[in-house]
A.B. asks: 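First the structure, then my questions, so here it is.
Predicted, not measured: the structure shown is a model, and the values here were computed from it.
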Amino acid sequence: MQMPARQTNTLAVLSLIAGILGWSLLPFLGSVAAIITGHLARGQIRREPQRYDGDGLALGGLILGWSSVIIAVLTVIVVILFFGGIAAVLAFAGTR
């Protein structure tokens, strides 16, 4: 008896595509979509491993999505610290 071929999970493919879009055309929206679809795809693949394939695609989408979000948050923190530092220097110079 032959086992049926496993199919690639559609959400895993969508996660990878959204992760790539998160780094190029749709920075925030693509990253969030990659994270959501990646987690959903990995859950489906874990529940039905005999039916679905594509865990690496989902993982790739998750990595791209989370790394984009982390870099965006760090960028915002650096900008706030930079301009906050300039404001502090100007405020200190104005009191002298």
Side-chain angles (χ1 to χ4, degrees):
M1 186 162 101
Q2 190 176 14
M3 293 283 294
R6 291 173 23 177
Q7 64 182 17
T8 302
N9 189 297
T10 306
L11 288 174
V13 175
L14 287 175
S15 175
L16 185 61
I17 291 171
I20 293 169
L21 287 175
W23 278 93
S24 56
L25 299 175
L26 302 169
F28 183 73
L29 199 59
S31 298
V32 171
I35 292 167
I36 292 170
T37 56
H39 282 295
L40 290 174
R42 292 194 80 198
Q44 285 181 354
I45 293 167
R46 282 192 188 121
R47 281 191 299 276
E48 299 182 64
Q50 69 282 0
R51 181 177 175 195
Y52 290 122
D53 197 10
D55 192 52
L57 297 174
L59 185 60
L62 281 170
I63 291 170
L64 288 171
W66 279 116
S67 60
S68 177
V69 168
I70 290 169
I71 288 175
V73 168
L74 291 176
T75 301
V76 168
I77 291 171
V78 167
V79 167
I80 289 171
L81 290 175
F82 177 74
F83 286 113
I86 289 176
V89 168
L90 292 176
F92 181 72
T95 59
R96 293 189 133 216

A.B. asks: Please report the interatomic distance OG1(T75) to CD1(I80), rounded to the nearest 0.5 Å.
C.D. replies: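 T75 OG1 to I80 CD1: 11.0 Å, rounded to 0.5 Å.
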A.B. asks: Do the side chain of W23 and the main chain of L64 share a donor and acceptor less than 3.5 angstrom apart?
C.D. replies: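 Flag set: sc W23 to bb L64 pair under 3.5 Å.
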A.B. asks: First locate atom NE2 of H39, then atom CG of L11, and finally report the distance between them rounded to the nearest 0.5 Å.
C.D. replies: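 Going from NE2 on H39 over to CG on L11, the span is 13.0 Å.
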A.B. asks: Are any of the side-chain heavy atoms of R42 and L62 separated by less than 4.5 Å?
C.D. replies: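 R42 vs L62: side chains touch.
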A.B. asks: For residues R51 and Q7, determine if any side-chain heavy atom of one lies less than 4.5 Å from a side-chain heavy atom of the other.
C.D. replies: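 Yes - at least one pair of side-chain heavy atoms lies under 4.5 Å apart.
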A.B. asks: Group every Ile, Leu, Val, Met, Phe, Trp and Tyr by side-chain heavy-atom contacts under 4.5 Å, then state whether I20 and L57 land in the same group.
C.D. replies: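 They do share one cluster, since a chain of ILVMFWY contacts under 4.5 Å joins I20 to L57.
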A.B. asks: Could you report the tightest heavy-atom contact between A34 and S15, atom names first, then the distance?
C.D. replies: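 What the structure gives for the nearest pair is O-OG, 3.0 Å.
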A.B. asks: Is it possible for you to say whether V79 and L90 belong to one hydrophobic cluster, with membership spreading through side-chain heavy-atom contacts below 4.5 Å?
C.D. replies: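 Both belong to a single hydrophobic cluster.
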A.B. asks: Can you tell me if T37 uses its side chain to pair, donor with acceptor, with the backbone of A33 under 3.5 Å?
C.D. replies: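 Indeed, once roles are kept as given, a pair shorter than 3.5 Å links the two residues.
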A.B. asks: Distance from L40 atom CG to L14 atom CG, nearest 0.5 Å?
C.D. replies: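 Reported to 0.5 Å precision, the distance equals 10.5 Å.
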A.B. asks: To the nearest 0.5 Å, what is the distance between OH on Y52 and CZ on R46?
C.D. replies: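 So the OH of Y52 and the CZ of R46 are separated by 15.5 Å.
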A.B. asks: Less than 4.5 Å apart, side chain to side chain, heavy atoms only: is that true for I17 and V13?
C.D. replies: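 They are in side-chain contact.
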A.B. asks: Count I, L, V, M, F, W, Y as connected when their side-chain heavy atoms are under 4.5 Å apart, and connections chain through other members. Are V78 and I70 then in the same cluster?
C.D. replies: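 They do not share one cluster, since no chain of ILVMFWY contacts under 4.5 Å joins V78 to I70.
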A.B. asks: Are side-chain heavy atoms of D53 and I45 found at a separation under 4.5 Å?
C.D. replies: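 Not in contact.
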A.B. asks: For S31, what residues pass the side chain to side chain donor-acceptor pair (under 3.5 Å) criterion, not counting sequence neighbours?
C.D. replies: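 For S31, the residues satisfying side chain to side chain donor-acceptor pair (under 3.5 Å) (neighbours in sequence not counted) are S68.
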A.B. asks: If two hydrophobic side chains count as joined below 4.5 Å and joins carry through other members, does L25 share a cluster with L16?
C.D. replies: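 Shared cluster, yes.
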A.B. asks: Measure across Q50 and R6 and return the closest heavy-atom pair with its distance rounded to 0.1 Å.
C.D. replies: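 That would be O-CG, 3.2 Å.
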